[in-house]
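Chain naming here is simple, since letters A, B, ... match the order of the sequence lines and numbering starts at 1 in each. These numbers come from a predicted model, not from an experiment.
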There are 2 protein chains.
Amino acid sequence: MFLFAYSLISNYNIVMKTDNTFNLLARIHEKANKKLISSLNEYGITDLAPSHGDILAALFKKDCVTMMSIAQLIHRDKSTVTQLVKKLVKKNYVFCKDNPQDHRSSLVCLTDKGKSLKEIFQKISRELYETAYDGLTPNEIANFHQLVEKIHNNF
Amino acid sequence: MFLFAYSLISNYNIVMKTDNTFNLLARIHEKANKKLISSLNEYGITDLAPSHGDILAALFKKDCVTMMSIAQLIHRDKSTVTQLVKKLVKKNYVFCKDNPQDHRSSLVCLTDKGKSLKEIFQKISRELYETAYDGLTPNEIANFHQLVEKIHNNF
DNA sequence: AAATTATAGTTTGATATCAAACTATTATGA
DNA sequence: TCATAATAGTTTGATATCAAACTATAATTT
């Protein structure tokens, strides 16, 4: 799933003939995601969707966590995570082991193959931000971030 | 589809321990979409997804257009639009008529039921922006918009 | 201790989405 | 004019996603 569907929001705004900012946000998001997938493909990684990447990125930060934890970290539904992890296991990016503390759950851990993606992810992310922020001053970037935070906290 | 999947982008940034701005964008988008769907439900409209709303909003602006046109306006694939319009027809929000200028296509037009949604959409959109921009000065809003435009144009 | 409630993860069902392949129509080139 | 290429929309297939229902385990209450 790409990040921004061209949203209901955006077209509401077109109707209003007012602010189309959220429209642009949607576009940014979709373009960025496309760029990410495209970059991954260049590195020969063609079997991952954005949410798979989210899981891997979460595991880079903290390896061996429960599905529940992953679901919360990537803001996905439990059942979605089940399927996502299933594919990652199949592709040998992660494996699951028993959770001694709670037998209802297992711990999802990176394989060596999974771990080897970390640097690639970092490169791709850096490139993305370089693209996004090209031509923006550090002040503008900081300001953008602050505004995004404020808006985020309004919901 | 909700607007922002919690994206690959966001977690790349977590890995980098740097900017999580795109992470927040994703969150904003998802929250906004949830609010929109929730608002629609309050008005008794429970059978529309965001992309359906995008189509309706596009038709509010210009009624009776081709599927191709809709696909371009809402940034969706042709095959997606086929299915989306099919549902809107079934729910009697739109109808299709022959396009005398090109017999490969038909014109998608709003029904009266569809047209009656315009005010509701406007109200909902206004409420959304009021929420999003609560506590922001007009200057901040304008600034945000400019920055969003710059970033959008970088892709 | 036993009964009840809550929870982790899975399964099932429905849906939006894209890509590929296809068909009928249109546009272009020879 | 006829042949070829392009295009609008549809169908098919695959996938990510959420919600509801479910089961086994854990937590809480009786």
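Rounded to an integer number of Å, the gap from CD1 of I70(A) to C1' of dA16(D) is 16 Å. Here dT7(D) presents its P atom at 17 Å from CG of N99(B), a figure rounded to the nearest Å. One interatomic measurement links the two molecules: CG of D47(B) to P of dT15(C), which rounds to 11 Å at whole-angstrom precision. Taking atom CE on M67(A) and atom P on dT23(D), their separation rounds to 19 Å, with Å as the unit. Taking atom CD1 on I37(A) and atom P on dT17(C), their separation rounds to 17 Å, with Å as the unit. Per the geometry, CD1 belonging to I74(A) stands 11 Å off P belonging to dA16(D), to the nearest Å. Across the protein-nucleic acid pair, D102(A) atom CG and dA26(D) atom P stand 5 Å apart, rounded to whole Å.
Among residues two or more places apart in sequence or in another chain, the side chain to side chain donor-acceptor pair (under 3.5 Å) test is passed with D77(B) by S79(B). Residues passing the ring-ring contact (aromatic ring centres under 6.0 Å, His included) test with Y93(B): none are found, sequence neighbours excluded.
When all heavy atoms of K97(A) and C109(A) are compared, the closest pair comes out as CE-SG, 3.9 Å.
Phosphate contact (OP1/OP2 of dA16(C), side-chain N/O of H52(B), threshold under 4.0 Å): present. Look at H75(B) and you won't find any side-chain N or O under 4.0 angstrom from OP1 or OP2 of dT17(C).
Projected onto DNA chain D by closest heavy-atom contact, R104(A) and V65(B) fall at different nucleotides, the more 5' of which corresponds to V65(B).
Between F22(A) and Y133(B), the ring-plane angle classifies as perpendicular under the 30° and 60° cut-offs.
Under a 3.5 Å cut-off, the side chain of S125(B) and the backbone N or O of Q122(B) do not form any donor-acceptor pair.
Put simply, L107(B) and M68(B) are part of two different groups of oily side chains (I, L, V, M, F, W, Y) that touch within less than 4.5 Å, one to the next.
Contacts between residues 77-92 of chain A and DNA chain C, defined by a heavy-atom separation under 4.0 Å, are made by K78(A), S79(A), T82(A), Q83(A).
With hydrogens and angles ignored, no donor-acceptor pair closer than 3.5 Å exists between the side chain of R76(A) and the base of dT17(D).
For the pair K86(B)/K90(B), no side-chain contact is recorded, criterion being any heavy-atom separation below 4.5 Å from C-beta on.
Distances were taken from every side-chain heavy atom of M68(B) (C-beta onward) to each of dG9(D), dA26(D), dT17(D); the shortest belongs to dG9(D).
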